Asks: 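Here's a structure for you.
Everything numeric in this text was worked out from a predicted model, so none of it was measured.
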Amino acid sequence: MKYSTDISVLNKSVCRPYLLMLACIALLQLLFAPPITAAPKLQHAALSTGNEGKALLTWKSSLDDHSQSQLSSWSSSANPCSNWVGIRCNKAGRISSMNITSSGIKGTLGHLNFSSLPHLTTIELPQNALYGTIPSNIGNLSRLVLLDLESNNFSGVIPIQISHLTNLRYLSLSNNSLHGSIPKEVTFLKSLVELSLMLNDLTGSIPTSIGNLTNLTFLYLRDNKLSGHIPSGIGNLTKLAELSLETNQLSGPFPEAIGKLRSLTLLSLADNMLTGSIPKSIGNLGDLSLLYLHQNSLSGPIPKEFGNLKLLTDIRIFTNKLGGALPEDAFSNLTYLQFLALSDNYFTGHLPQNICSGGSLVRLSIFDNNFVGTMPRSLKNCSSLENLSAGGNQLSGKFSEDFGVYPNADYIDLSDNEFYGELSWNWSAFQKLTSLVLSSNNLSGEIPTELGEASHLQRLHLFSNRLHGKIPLGLGKLSLLLDLKLDSNKLSGSIPPEIGRMSKLLNISLSANNLVGAIPEQIGDCTQILELKFSHNALNGSIPSRIGNLHSLATLDLSQNMLDSELPKELGELKAIEKINLSHNRISGSIPSSFDHCLSLISIDISYNQLEGPIPNTAAFQKASFDALRNNKGLCGSVVGLKPCPQSTEKKTSRRRSKRIIFLTVLPILGTTVLLIVVLGIFILARSHTPHVESKPRELTGNLFTFWSFDGKMVYENIIDATENFDPKYCIGAGGFGRVFRAELPNGQIVAVKKLHATDGDALRSPKDFTSEIRALTNIRHRNIVKLYGFCSHTQHAFLVYEFLEGGSLMQLLNTDETAAKFEWIKRTNMVNDIANALSYMHHDCAPSIVHRDISSKNILLDSEYQAHISDFGAARLLKPDSSNWTSFAGTYGYAAPELAFTMEVNEKCDVYSFGVLVLEVIMGKHPGDLIMSVLSASSSTHAILLKEILDSRPQSLTKQMAANVVSLAKLALLCVDPNPQLRPTMKQVSVHLLKEKPSLESLFPVITIGELMALDLSDF
């Protein structure tokens, strides 16, 4: 390097004799120096960096084997400056830059000696698998300008030594597991242009000295657990272009000082606890394009100063307490507006007439407000519109006049308003429309047969209007329809047989009309139906036997008709049926014997018919009220109010019941006798071999829980001893209900002990009810549900004792690259089957059914063979419904069904949603995050994502057949996370689907996009 530098100087100053002399000497040295072989040249090159190269090689050797292979070019025989991947040097030959992005390297930074790399100006290690803490000696890199460690697995706190990096301009520690507060020392870095700490677990408040970072252009702190007020000093960041503080726990008012940030293009304060009004100073943000204030508690009107924000393209202020009328003039100025979400507020008055004056509006969401009057005139010609959600207002107007043609529309919801007139749209122009919800209005006229031209419709809700005439045959063209609701109208005529062409229907309701004629046999072609409701009509004839083809049918309501003939035996053979209402008809004959095996049935109403003979010996009939059976010709049985069956009838069924009588009578007596003998034997042995010292735990052998009393007194002392009085070193997990400990008992048996929080004692049900629930839960036996052995109670402690599984949780497995790589696709699909089977058992085979309420990857435990087991089942049943802890069991954030944001009604469909999220997590290898909302909101950019791009890349490559299974699983998951609970399948349907042979999809995978996947026709589901 010295020689080349001298020659460079010579070329610039050839007239200087002394430089010429030095150059000549240098050339002579080169000419007459002994020859150097190739190997010594390479060695010299490597040594030219001295300690720098050695420091990096030492760090490389500390990484796991796979990571070292990724850095195979890092070798002592190669020049770091020209041959090492990701390494760059400055002109002096000193290492100045490390850029190893998305390379999958795994290890810590603890073995990287930053003191040996004093010339580093750039460190870029994003999207890898680095873990551990960020070393404090990183503060020695005084020349560092850029530090990017985002999307790794770093934990611990942000070291305050980062404040020593006074030249730092870009700092990103996003998407890690950092905790603790943001150190105020970070605000000493006055050269910072970008600070990104989002997607961590940071707590505490935003430093009040944040205003010191006057050069800051980008500040991203979203998706943490920050609290307190937004400091007013943030107004000093006058160069700020993007400010993202969403999804924290920030409180207090919307800061007036934000109005000083005149360079802002993005402002996101959403999903916090902000109160008060939106200040007028927001009108100063003339460059603002994106404004996200949704999911807070903001109140008051939208200030007219909004009209100054002429560059706004996206406004999201839904789910607040805002009210008043929208400023007309302000919205007339927003000509670039593409997305406007004002739903779930208290807005009143008319909608601004020029809301789509710029012709760019893509999404308008104003549902659940108090808007009145007609729709804006500019909306009629708004051909860009894709999503219109205006339900739950008091809007009015003539339907055919106030709306235009929207060729790009995907979703239209105008329900619960006062629109009137006929449905005379040019329906053939709506080729992208999937959801049309016009229910609960004053629409009249006939349903146009042209509606069948909107061939992509999946949801059609026209119920609770004043529609009349026949159901048009053209609706049979809607082959993709999933949900058809025409009830509570004035429709007449017969049900067209063309309805059988809607083979994908999940829900159909034609109730409360004036329909006549027979139920068409073709209804049996709609094999996926979950709910069929034809009640309150004038239908006659028999119930078609082909109803037995509806293997997924859960609810059947044919009440209040004029059906006659006998019940088809196929009706009792439906394996998923839960509720049947056939009341107020003319059905005759006896109830078919097939109902004796209809174990899924929960509710039955056959009152006001002409049925006779014995009622089936199943729970639904035997526990039915007399009102559900009354007014028949001659039903008999043991239900109070019915006549006992004649002796001759009893003889016919005596053989069938004889074995049940034997088991019910003899088996309990025999079991009790054996139990007493065994317990007495254990007691005698314990007395003879245990010293009479109360403080010493009793030494028991065998499975301690085989004959364990439910209050756990026999093993209480052993558990306290095994956990050293619940020492934290035995803790293996924690949740909202308590902490989980590993306990090895004296006989070698290992159990998981969930110690309830001390404050939960008052939240538990009454002792009698609590014991009853424990008894019920301990009787549950399923190979994919963690066994609950029982409950230990003491004045100091209360805990549940579960089976221990050595494989840990699914969350732990997916969060570690090594274990996730071994979690092969066949194991993943089998695990999904396990979970589905367990949930189906809990929902459909337990009486009463059990809703888990908190299905998430942390509650899925694995054994050594990767068999999945659901843990924490039934925990909510142990709480008092009115206790403060009840709401904590509504689910884990990111897995909870969206309807839980509006209601605390938890049912089986909430578990189905969580299951769908879990399946996507298994497919992607991580929580799907915003992907679910993006997919379900019909985002075109999201729909263009290839399925292969979101697949977990850590397991081995997919086989063609396994690829088909994964495509099918992904489609199933998307069905389960449908925002409408009614459109989600039941877990029994999911379980049955997974048992079927999957369609051949090799030609589609892996180039199928998310959008194509959602529209994919899976013939077996």
Side-chain angles (χ1 to χ4, degrees), residues 55 58-60 62-64 67 98 100-101 103-115 117 120 123-142 144 146-165 168 170-189 192 194-207 209-210 219-228 247-249 728-729 731-734 739 808-809 811-820 858 926-927:
T58 300
W59 178 59
K60 173 191 171 183
S62 72
L63 303 175
D64 68 3
S67 301
M98 289 177 60
I100 308 169
T101 302
S103 298
I105 58 172
K106 182 179 180 182
T108 71
L109 293 179
H111 294 85
L112 182 53
N113 185 358
F114 291 108
S115 299
L117 300 164
L120 271 180
I123 298 179
E124 295 179 86
L125 301 174
Q127 300 172 30
N128 284 292
L130 298 170
Y131 60 92
T133 59
I134 300 173
S136 59
N137 64 351
I138 202 169
N140 295 333
L141 303 177
S142 58
L144 205 61
L146 186 153
L147 176 59
D148 185 356
L149 303 178
E150 73 174 48
S151 299
N152 281 283
N153 297 314
F154 288 111
S155 57
V157 299
I158 300 173
I160 60 175
Q161 288 79 3
I162 280 183
S163 63
H164 299 164
L165 307 177
L168 204 60
Y170 303 92
L171 173 61
S172 178
L173 307 178
S174 299
N175 199 13
N176 282 286
S177 298
L178 300 172
H179 58 80
S181 60
I182 302 173
K184 64 180 181 180
E185 287 79 5
V186 170
T187 63
F188 297 166
L189 304 176
L192 272 183
E194 178 175 335
L195 175 60
S196 181
L197 305 177
M198 61 185 181
L199 292 160
N200 280 289
D201 293 312
L202 299 174
T203 55
S205 58
I206 300 172
S209 54
I210 193 75
L219 177 59
Y220 305 118
L221 303 179
R222 70 177 180 89
D223 287 278
N224 279 288
K225 298 175 182 176
L226 300 172
S227 58
T247 315
N248 279 288
Q249 299 166 20
K729 68 183 179 182
C731 183
I732 57 175
R739 303 173 70 189
S809 71
M811 176 188 286
Q812 294 168 331
L813 185 150
L814 292 177
N815 284 346
T816 305
D817 286 350
E818 182 178 354
T819 55
K858 75 176 186 294
K926 62 181 181 180
H927 189 279

Asks: For Asn200 and Asn224, indicate whether the former's side chain and the latter's backbone hold a donor-acceptor pair under 3.5 Å.
Replies: no

Asks: Is the number of heavy atoms from other residues, nucleotides or ligands under 6.0 Å of Glu818 CD greater than 12?
Replies: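 No.
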
Asks: Rounded at 0.5 Å granularity, tell me how far CG in Asn153 sits from CG in Asn176.
Replies: 7.0 Å

Asks: Could you check if a side-chain atom of Val186 sits within less than 4.5 angstrom of a side-chain atom of Leu197, using non-hydrogen atoms only?
Replies: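 No, every pair of side-chain atoms sits at 4.5 Å or beyond.
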
Asks: Out of curiosity, Leu219 CG to Ile206 CD1, how far, rounded to the nearest 0.5 Å?
Replies: 7.5 Å

Asks: Can you give me the closest heavy-atom contact between Pro207 and Pro183, atom names plus distance?
Replies: CG-O, 4.4 Å

Asks: Looking just at side-chain N and O atoms, do Ser172 and Glu150 make a donor-acceptor pair shorter than 3.5 Å?
Replies: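 A pair is found: one side chain offers a donor N or O, the other an acceptor, under 3.5 Å apart.
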
Asks: Would you check if the side chain of Ser103 reaches a backbone N or O of Ile100 as a donor-acceptor pair within less than 3.5 Å?
Replies: no

Asks: Do Ile134 and Ile158 touch side chain to side chain, with heavy atoms closer than 4.5 Å?
Replies: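 SC-SC contact between Ile134 and Ile158 ruled out.
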
Asks: Please report the interatomic distance CG(Leu221) to CG(Leu195), rounded to the nearest 0.5 Å.
Replies: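 Output value for this atom pair is 6.0 Å.
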
Asks: Nearest 0.5 Å please: distance from the OH atom of Tyr131 over to the CG atom of Asn815.
Replies: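 The distance works out to 14.0 Å.
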
Asks: Is a donor on one side and an acceptor on the other found under 3.5 Å between the side chain of Asp817 and the backbone of Gly104?
Replies: no

Asks: Could you please spell out the steps behind the side chain to side chain contact (heavy atoms under 4.5 Å, CB included) verdict for His179 and Val157?
Replies: CA-CA 5 Å; His179 58 80; Val157 299; 3.9 Å; yes

Asks: Specify the closest pair of heavy atoms between Ile160 and Glu185, including all atoms of both residues, with the distance to one decimal.
Replies: CG2-OE1, 3.5 Å

Asks: Test side chain to side chain contact (heavy atoms under 4.5 Å, CB included) on Trp59 and Leu109; report intermediate values, then the result.
Replies: CA-CA 8 Å; Trp59 178 59; Leu109 293 179; 3.8 Å; yes

Asks: Yes or no on side chain to side chain contact (heavy atoms under 4.5 Å, CB included) for Leu165 and Leu171, after CA distance, side-chain angles and deciding distance?
Replies: CA-CA 10 Å; Leu165 307 177; Leu171 173 61; over 6 Å; no

Asks: Under 3.5 Å, side chain of Ser67 to main-chain N/O of Lys106, donor-acceptor pair present?
Replies: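 Side chain of Ser67 to backbone of Lys106: a pair is present.
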
Asks: Using atom types as modelled and distance alone, determine if a side-chain donor or acceptor of Asn248 lies under 3.5 Å from a backbone N or O of Lys225.
Replies: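 Side chain of Asn248 to backbone of Lys225, a donor-acceptor pair under 3.5 Å: yes, one is there.
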
Asks: So, does Asn128 use its side chain to make a donor-acceptor pair with the main chain of Asn152 at under 3.5 Å?
Replies: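 The answer is no, because no donor-acceptor pair under 3.5 Å joins these two groups.
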
Asks: Mind listing the closest non-hydrogen atom pair of Pro159 and Ser136 along with its distance?
Replies: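 Reported closest heavy-atom pair: CB-CA, 4.2 Å.
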
Asks: Could you tell me whether a side-chain N or O of Asp148 sits under 3.5 Å from a main-chain N or O of Leu125, the two making a donor and an acceptor?
Replies: no

Asks: For the CD1 atom of Ile123 and the CG atom of Leu117, what is their distance to the nearest 0.5 Å?
Replies: 7.5 Å

Asks: Are the side chains of Phe154 and Leu173 in contact, using a 4.5 Å heavy-atom criterion?
Replies: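 Not touching, per the 4.5 Å side-chain cut-off.
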
Asks: Quick check for you: to the nearest 0.5 Å, what is the distance between Leu189 atom CG and His164 atom NE2?
Replies: 10.0 Å

